[in-house]
Amino acid sequence: EAGVAQSPRYKIIEKRQSVAFWCNPISGHATLYWYQQILGQGPKLLIQFQNNGVVDDSQLPKDRFSAERLKGVDSTLKIQPAKLEDSAVYLCASSLDSGRGSYNEQFFGPGTRLTVL
Amino acid sequence: GENVEQHPSTLSVQEGDSAVIKCTYSDSASNYFPWYKQELGKGPQLIIDIRSNVGEKKDQRIAVTLNKTAKHFSLHITETQPEDSAVYFCAAPPYGQNFVFGPGTRLSVLP
């Protein structure tokens, strides 16, 4: 089966510019995650969707980050305006229905490497 | 919130030797314990997981052992091969809360 698709794979922008990342999860996966992975660290959860609803966005910097999952399939993550500290790999993952308290294997995409100059 | 630590942060072993990575967590409500492997330029991939009602789980050369009393679990890789070289992450999400990954352990298998 096809894996999680992400685009673009690489993006270089100047600080204060905006950027958007796109994710297409595995077909049939109700749960979608966006993670931020700074070099040398573990992935940090930014937001979790269950179908098109938000389960948790407690670690999403809402003054500059936004995410949506229209129709419960594809998702976009946007940063506006970007800061130097946003330089990281942004990973999208999906899993079968994983509401709070239940955990299924997460399948990760290859990530988008963002560099903010 | 949950605090997840991994030891060691880097590990080098000779091909064919065993490797052990330990993960400690702080929240006793955690009941699911996965290990993910991340190769360079790729997203993490689940290699093994264990739930709190089981003390040990094995899948070919990989095993995970859990000590809920001491709040730690370990990844064991036997007969290591060069393709085992990667960064390994553990996670220990407390019930009803989301994933908190550990900082990672870089494993190098030397030929």
Side-chain angles (χ1 to χ4, degrees), chain A residues 1-10 21 23-26 29 31-50 54-60 67 88-96 98-114, chain B residues 1-10 21 23-25 27 29-54 57 59 62 64 66 73 75 86-107:
Chain A
E1 65 182 6
V4 176
Q6 289 188 248
S7 67
R9 291 294 314 275
Y10 306 91
F21 313 126
C23 174
N24 180 232
I26 291 173
H29 280 192
T31 306
L32 185 146
Y33 311 79
W34 281 103
Y35 289 89
Q36 179 192 60
Q37 186 174 27
I38 293 173
L39 188 64
Q41 299 182 17
K44 172 189 169 185
L45 181 69
L46 293 176
I47 188 167
Q48 177 183 344
F49 290 96
Q50 185 79 358
V54 176
V55 173
D56 191 293
D57 62 357
S58 57
Q59 298 192 98
L60 187 73
V89 174
Y90 290 85
L91 295 162
C92 178
S94 70
S95 70
L96 294 171
S98 297
R100 280 191 177 276
S102 67
Y103 305 107
N104 289 300
E105 177 177 1
Q106 294 183 39
F107 294 83
F108 284 82
T112 297
R113 181 176 297 278
L114 174 67
Chain B
E2 176 75 296
N3 184 39
V4 179
E5 296 183 357
Q6 291 183 230
H7 296 280
S9 57
T10 60
I21 303 170
C23 183
T24 61
Y25 59 96
D27 196 320
S30 297
N31 60 5
Y32 174 63
F33 309 94
W35 283 98
Y36 280 78
K37 174 184 180 182
Q38 186 173 29
E39 297 176 343
L40 195 63
K42 298 183 179 180
Q45 180 179 14
L46 180 72
I47 55 171
I48 196 166
D49 58 8
I50 194 169
R51 298 187 189 263
S52 59
N53 58 344
V54 177
K57 183 177 179 181
D59 182 5
I62 294 172
V64 56
L66 171 65
F73 58 109
L75 175 69
V87 180
Y88 292 81
F89 295 99
C90 63
Y95 182 84
Q97 299 183 37
N98 287 303
F99 266 64
V100 176
F101 282 92
T105 295
R106 180 173 299 278
L107 172 65

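In what follows, every chain begins at residue 1, and chains take the letters A, B, ... in the order their sequences are listed.
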Worksheet, complete the sentence: Note: vs chain B, highest number of non-hydrogen pairs under 4.5 angstrom among P110(A), G111(A), P43(A), G42(A) is P43(A)
Discussion item. What part of Q106(A) gets within 4.5 angstrom of chain B, counting heavy atoms only: side chain, backbone, both, or neither?
Written reply: both
Worksheet item: Side chain, backbone, both or neither: which part of P103(B) has a heavy atom under 4.5 Å from chain A?
Response: backbone
Practice prompt. Pick one of side chain, backbone, both or neither for R113(A), based on which atoms fall under 4.5 Å of a heavy atom in chain B.
Written response: neither
Discussion item. Between Q38(B) and chain A, with a heavy-atom cut-off of 4.5 Å, which part of the residue counts as in contact: side chain, backbone, both or neither?
Written reply: side chain
Discussion item. Which heavy atom of L91(A) sits nearest to which heavy atom of P44(B), and what is that distance?
Written reply: CD1-CD, 3.9 Å
Worksheet item: F108(A) vs F101(B) aromatic rings, parallel, tilted or perpendicular, using cut-offs 30° and 60°?
Response: perpendicular
Worksheet, complete the sentence: F89(B) and Q37(A) have their tightest heavy-atom pair at CZ-NE2, 3.4 Å
